[in-house]
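Some notes on the structure that comes next.
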Amino acid sequence: MKFSSLKLTTPYLQLPALFYDRVAPTPLEKPFLISVSNDAAKLLGVDEDLSLDEELVDILNGKKLVGSEPFAMCYAGYQFAYFVPRLGDGRAINLGKVNGQNLQLKGSGLTLYSRQGDGRAVLRSSIREYLMSEAMHGLGISTSRALALIGSDTDVARERWEKGAIVLRLSPTWVRFGTFEYFNASGEHAKLEELADYVINESFSHLKSSEDRYLKMYAEIVRNTATTIAKWQGVGLNHGVMNTDNMSIDGRTIDYGPFAFLDDYEKDYVCNHTDRDGRYSFSNQPSIGHWNLAMLARALSPIVNYESALAVLDEVYGASYEEVYSEIMYAKMGLETEQENDKELFQWMLGALGSATIDYTDFFRKLSHFDGDKSELLDICVYRTSLEEWLESYEQRLEKETLSTSKRHEKMLGVNPKYILKNHILQEAIEKAEQKDFTMVNDLLKVALSPFEEHPDFEHLAARASMEAKNIKLSCSS
Ligand code: AMP
Ligand code: MG
């Protein structure tokens, strides 16, 4: 099947007109293809190389696929704890659905919800979103996907003049916590039920004929959100903008803005330059997830008993989070049995990583080769003592395991990635792309999709950041 032969449907348009704005994409000038993810295309049942599809660029630039009826979605959201009653897709345009995936262009011009914005996305942020969508998938974390990226000659004003770009994104749902918040705040409570039924149909169809289905839907959203955030904490991802309009209703990671993976382990790292109070710091993410879910409970209160929803939140969130996080950390450390003082060993490790000043990803990758020789690990940290002491304890702890060293190494290498999208590397890829050299973007895509493998030709894409480039803050203007 060829991408341009797909036939779309538009189930969202069955909802009342208040839910969306029918709007056509505004094309970019002189569009050109930068990259495709044939891996993402498989989700659509497309098996022909996307880059050979002569219509691909035109479709990203607004040409209609059969059945497509473009529209922007309406939603609200708590932005940095302040409620904004109307946001919506200000620069995203939905094309329709095929094979359970909703296709969406990001950066394709003005919509009813653009407010002060220009409806555009610049090349820099589009490369970040494109690669990150695929990288998160490669890391096994629930995420929207990206099918293709085009650049253009269109000038877009940010802190400097930049060029417009468009990413074609895919997700099983684009409904956000903020979609419910919109209809609660606007007093359109009958619409909440229609939306909930739509969401159940789209994302939780096993609940369709359940009693108390809205409460059960909420419980699933709580569980999924906790699971995804536990995975962020495991891999060292700081999302950066956990506003409720950026929280997907099925708990997947969406809307990649000023995200960053930790370079050195710094638990209170804040990647978003505009987040002055550190609301969305790395260590706050689990509690912000809880806060956002509490806001969702409030938004659902006309159709779900508020106290019951809060009881579900308390019962499910912490337990799901702890279960997934602990499983991840055991696996990252190569521990298969549970022993008495493991919790202390974890906490000690995180404290030691903090005081050692050490790259989080590299630490675990090197730990995956640990055979008693501490020098490889100690050589990559600035302050050695705390980590050296911890490693001694870890070595003793390993004696309680039954797995052979080589088997342990093999398993650990499968959960501790070598390649994450380090910001300084992404920055280099962006600078090259701005000079029309897209090789690094495409190389990064390859490693992003198989981050646990060794890629001898791309060793440089796993390089640690220099002192100046470590844990930098990123601007939101994208
Ligand atoms: P974000 O923080 O990127 O998730 O964006 C928050 C809100 O602002 C969403 O409703 C976006 O659609 C909207 N937005 C962001 N950038 C632009 C832009 N350049 N033009 C129009 N709307 C935008
Ligand atoms: Mg957003």
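Atoms within a ligand are numbered from 1 in the order they appear, just like the ligands themselves. Because only heavy atoms are used, hydrogens play no part in the values below, and waters and symmetry mates are left out as well, while side chains stay in.
Ring-plane geometry between Tyr325 and Tyr321 is classed as parallel, the angle between the planes falling under 30 degrees on a 0 to 90 degree scale with a further cut at 60.
Using a cut-off of 2.8 Å, one finds that Asn246 contributes an N/O/S atom close to the Mg ion (ligand 2). Taking 2.8 Å as the threshold, Asp255 counts as a candidate ligand of the Mg ion (ligand 2), since one of its N, O or S atoms lies below it.
Looking only at heavy atoms of the protein, atom 10 (O) of ligand 1 is closest to Gly88 O, 2.6 Å.
Near Asp255, with a cut-off below 4.0 Å to any heavy atom, the atoms of ligand 1 are 4 (O). Less than 4.0 angstrom separates some heavy atom of Arg158 from each of these atoms of ligand 1: 19 (N). Atoms of ligand 1 lying under 4.0 Å from any heavy atom of Leu87, numbered from 1 in the order shown and given with element: 10 (O). Residue Arg115 approaches ligand 1 through these ligand atoms, each under 4.0 Å from one of its heavy atoms: 7 (C), 8 (O), 10 (O), 13 (C).
Taking distance alone, with nitrogen or oxygen atoms compared against 3.5 Å, Asp118 approaches ligand 1 more closely than that limit. For a threshold of 3.5 Å applied to N or O pairs, the pair formed by Gly90 and ligand 1 contains at least one separation below that value. Of the polar atoms of Tyr113, none of the N or O atoms is found under 3.5 Å from an N or O of ligand 1, judged by distance alone. For ligand 1, none of its N or O atoms has an N or O atom of Gly117 under 3.5 Å away.
The pair Lys64-Asp58 does not count as a salt bridge, with every side-chain nitrogen at least 4.0 angstrom from each carboxylate oxygen. Residues Lys422 and Asp263 are not paired through a salt bridge, judged by the lack of any N-O separation under 4.0 Å between the basic side chain and the carboxylate. The pair Lys191-Glu193 does not meet the salt-bridge criterion, since no charged nitrogen lies less than 4.0 angstrom from a carboxylate oxygen. Salt bridge Asp277/Arg279: absent, no basic N to carboxylate O contact under 4.0 Å. A salt bridge is defined here as a Lys NZ or Arg NE, NH1 or NH2 lying under 4.0 Å from an Asp or Glu carboxylate O, and Arg213 with Asp197 meets this definition. Between Asp255 and Arg176 there is a salt bridge, since a side-chain N of the basic residue sits under 4.0 Å from a carboxylate O of the acidic one. Taking 4.0 Å as the cut-off between side-chain N and carboxylate O, Glu181 and Arg298 do not count as a salt-bridged pair. Looking at Glu48 and Lys42, no side-chain N of the basic residue comes within less than 4.0 Å of a carboxylate O on the acidic one, giving no salt bridge.
Contact analysis puts Gly119 in contact with ligand 1, with a non-hydrogen atom separation below 4.0 angstrom.
Proximity of Gln79 to ligand 1, defined as any heavy-atom pair under 4.0 Å, is confined to the side chain (atoms from C-beta onward). Looking at Lys106 against ligand 1, nothing comes within 4.0 Å, counting heavy atoms. For Tyr75, every heavy-atom contact with ligand 1 shorter than 4.0 Å involves the side chain, none the backbone. Counting heavy atoms under 4.0 Å from ligand 1, residue Asn243 does not touch it at all.
Protein non-hydrogen atoms do not reach within 4.0 Å of atom 5 (O) of ligand 1.
Between atom 14 (N) of ligand 1 and the options Arg86, Arg91, Met73, the minimum heavy-atom separation is to Arg91. When the options Val241, Asn272, Asn246 are ranked by their closest heavy atom to atom 1 (P) of ligand 1, first place goes to Asn246.
Residues Cys74 and Thr179 come closest through the heavy atom pair O-CG2, 3.6 Å.
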Leu421 vs Leu444, test: side chain to side chain contact (heavy atoms under 4.5 Å, CB included). Steps then yes/no. CA-CA 8 Å; Leu421 288 179; Leu444 276 170; 4.0 Å; yes

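Looking only at side-chain heavy atoms (C-beta outward), Val199 and Thr173 stay at 4.5 Å or farther from each other.
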